[in-house]
Amino acid sequence: MPDTAASPPPIEPPLPREGRLRRAARRWLAIRGPIPQWQAVLFGIACVAVCLGAWWLVTRGAGEERILSPVLLPSPEETFASFRSLWFDRALMRNLLITLQRVTLGFLLAVAVGVPFGVLAGCFTRLQAFLAPVIMFGRNIPIAALIPITFFAFGIGETQKVMFIFFASVAFVTADAARAVMNVGQEFIDTAYTLGANRRQVILQVLVPSALPHVFNSLRLLFGLAFGYIMLAELVKFGSEAGGLGHLINTSQHRGPREHIYLVVLIIPLVALVIDRFLFWIQRELFPHRYGGAGVLNMGVRGALHLWDDFKGLIWSAPVPVDTVAPAPVGDAATPPDDPVPPRPDEAAPTETDRDPT
């Protein structure tokens with residue numbers, strides 16, 4: 001009998017070296033190609049190393065031998081060696097906390113005003129058309145032009161710096177919130193109306209929950225911009241108030257040392273990165289279906305809402321509908337009949353002839 005066993009597949013010859021290199025290059029240069037996490041971290045570290053190496057290269061040697069003058073750009077060693085004086089002599093941590101407080105207060109005020117107006121503008125097109133000129137003006141006005149305006153309106157102090165962040169951010173917050181609501185599909189609204197929802201329920205239970213992940217993501221990015229805006233407002237210090245990071249830059253520019261300017265410039269993006277990563281963690285935990293988190297905060301919020309609903313049920317009981325209340329009896333029917341006395345066993349039940357004909 002002939003051998004019917006399947007023959008092993010032929011062994012493909014290895015690709016030549018040029019073919020392997022071409023395939024690897026195609027994989028590395030693929031448009032939007034996936035990248036492992038370790039490669040992303042490695043490339044980020046490589047970028048930082050290249051920047052530090054270029055900084056060291058143009059500032060190495062004595063003052064006259066350098067490519068860039070030490071007055072223009074100090075070396076990395078000189079810059080990081082001045083951190084001790086910046087921390088103790090210039091109160092770096094105190095000024096950093098003051099800056100964060102100003103940015104947080106101003107931005108929260110912008111969120112408290114911009115998000116509700118943005119949600120309403122995204123729901124009602126006439127309100128959106130009414131607010132469009134104000135939003136366009138606020139988004140296109142130069143940020144530096146707000147400094148003298150806030151000086152005239154609020155003086156030179158903490159209120160001016162908080163309101164500067166508010167006016168610089170509120171138009172962007174409103175526009176992004178309105179766009180997020182408008183991007184919710186019309187089919188969700190139609191389905192809610194089909195199920196019997198009213199207008200308020202469509203807004204609060206359909207549009208707002210659907211747009212909230214996009215709104216939070218936009219707020220996270222806008223907070224980083226607001227953190228950069230505060231440097232302009234802190235160039236002017238009033239009395240004995242804490243100057244903030246912007247005042248540290250201004251003081252180092254006029255009095256020195258110049259190394260403190262570069263240290264503060266390096267510290268600002270590092271602090272902003274830490275805050276951004278913290279906000280992104282909150283974002284993932286609040287919206288795990290969108291950003292892939294574990295959903296710890298989402299479960300906590302849902303539990304708090306259920307407790308609030310139970311608490312409201314205990315305090316405000318639902319009224320009984322009028323249609324379910326039985327009508328009050330009238331006349332003799334108002335008195336319930338007496339329970340009939342059962343006949344004794346030795347007594348027979350009365351017949352028709354035994355009853356009184358009258």
Side-chain angles (χ1 to χ4, degrees), residues 9-60 73 75-77 79-80 83 96 100 103 107 111 139 169 172-173 175-177 179-185 209-229 231 262-301:
I11 300 176
E12 297 181 0
L15 291 175
R17 180 178 178 84
E18 295 180 0
R20 293 198 302 269
L21 292 178
R22 188 180 298 110
R23 187 170 62 179
R26 189 183 302 113
R27 184 174 64 252
W28 276 61
L29 299 179
I31 298 177
R32 296 183 179 180
I35 178 174
Q37 185 65 29
W38 66 269
Q39 287 189 12
V41 175
L42 185 62
F43 275 92
I45 295 175
C47 177
V48 174
V50 168
C51 294
L52 291 177
W55 184 9
W56 172 83
L57 182 64
V58 298
T59 58
R60 67 187 181 92
L73 180 64
S75 66
E77 295 86 358
T79 301
F80 293 117
F83 180 79
L96 173 61
L100 288 176
V103 176
F107 192 74
V111 170
R139 295 183 63 181
S169 306
F172 294 94
V173 172
D176 289 355
R179 187 182 303 111
V181 173
M182 293 178 62
N183 288 336
V184 178
S210 300
L212 202 55
H214 302 279
V215 172
F216 193 94
N217 184 67
S218 174
L219 295 179
R220 178 175 64 87
L221 300 178
L222 289 176
F223 184 83
L225 295 178
F227 191 72
Y229 292 158
M231 299 297 107
Y262 295 96
L263 274 180
V264 175
V265 170
L266 291 175
I267 289 171
I268 290 174
L270 289 178
V271 174
L273 177 62
V274 172
I275 296 174
D276 179 80
R277 292 297 89 189
F278 175 69
L279 293 177
F280 184 64
W281 176 82
I282 295 178
Q283 179 178 327
R284 293 184 62 189
E285 298 302 321
L286 281 177
F287 314 106
H289 59 283
R290 181 73 182 178
Y291 301 104
V296 177
L297 297 180
N298 184 277
M299 291 185 292
V301 171

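Atom set for the values below is all heavy atoms of this structure, side chains included, hydrogens, waters and symmetry mates excluded.
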(message) As an exercise, state the distance from CZ of Phe80 to OH of Tyr262, rounded to the nearest 0.5 Å.
(response) 13.0 Å
Run the side-chain donor-acceptor check on residues 282-295: report pairs under 3.5 Å with partners two or more places apart or on a different chain.
from: Gln283; atom 1: OE1; to: Arg220; atom 2: NE; distance (Å): 3.0
from: Gln283; atom 1: NE2; to: Asn217; atom 2: OD1; distance (Å): 3.2
from: Gln283; atom 1: NE2; to: Tyr291; atom 2: OH; distance (Å): 3.4
from: Arg284; atom 1: NE; to: Tyr291; atom 2: O; distance (Å): 3.4
from: Arg284; atom 1: NH2; to: Gly292; atom 2: O; distance (Å): 2.9
from: Glu285; atom 1: OE1; to: Gly295; atom 2: N; distance (Å): 3.0
from: Glu285; atom 1: OE1; to: Val296; atom 2: N; distance (Å): 2.9
from: Glu285; atom 1: OE2; to: Ala294; atom 2: N; distance (Å): 3.4
from: Tyr291; atom 1: OH; to: Pro213; atom 2: O; distance (Å): 3.2

(message) Once rounded to the nearest 0.5 Å, what's the spacing between atom CZ of Phe223 and atom CD1 of Ile275?
(response) 5.0 Å
(request) For residues Val173 and Phe107, report the shortest heavy-atom separation together with the two atoms involved. (result) CG2-CE1, 4.3 Å
(message) To check you understand the geometry: which heavy-atom pair defines the closest contact between Leu266 and Leu270, and what is its length?
(response) O-CG, 3.3 Å
(message) Restricting to non-hydrogen atoms, name the atom on Thr59 and the atom on Pro76 that form the minimum distance, rounded to 0.1 Å.
(response) OG1-CD, 3.5 Å
(request) Search all heavy atoms of Ala177 against all heavy atoms of Val215 and return the closest pair with its distance. (result) CA-CG2, 4.1 Å
(message) Using a 3.5 Å distance criterion without hydrogens, assess whether the side chain of Asp276 forms a donor-acceptor pair with backbone atoms of Ala272.
(response) no
(message) Are Leu225 and Ser169 packed together at the side-chain level, in the sense that at least one heavy-atom pair is separated by less than 4.5 angstrom?
(response) no
(message) Taking the side chain as everything from C-beta on, heavy atoms only, tell me whether Asp176 gets closer than 4.5 Å to Leu221.
(response) no
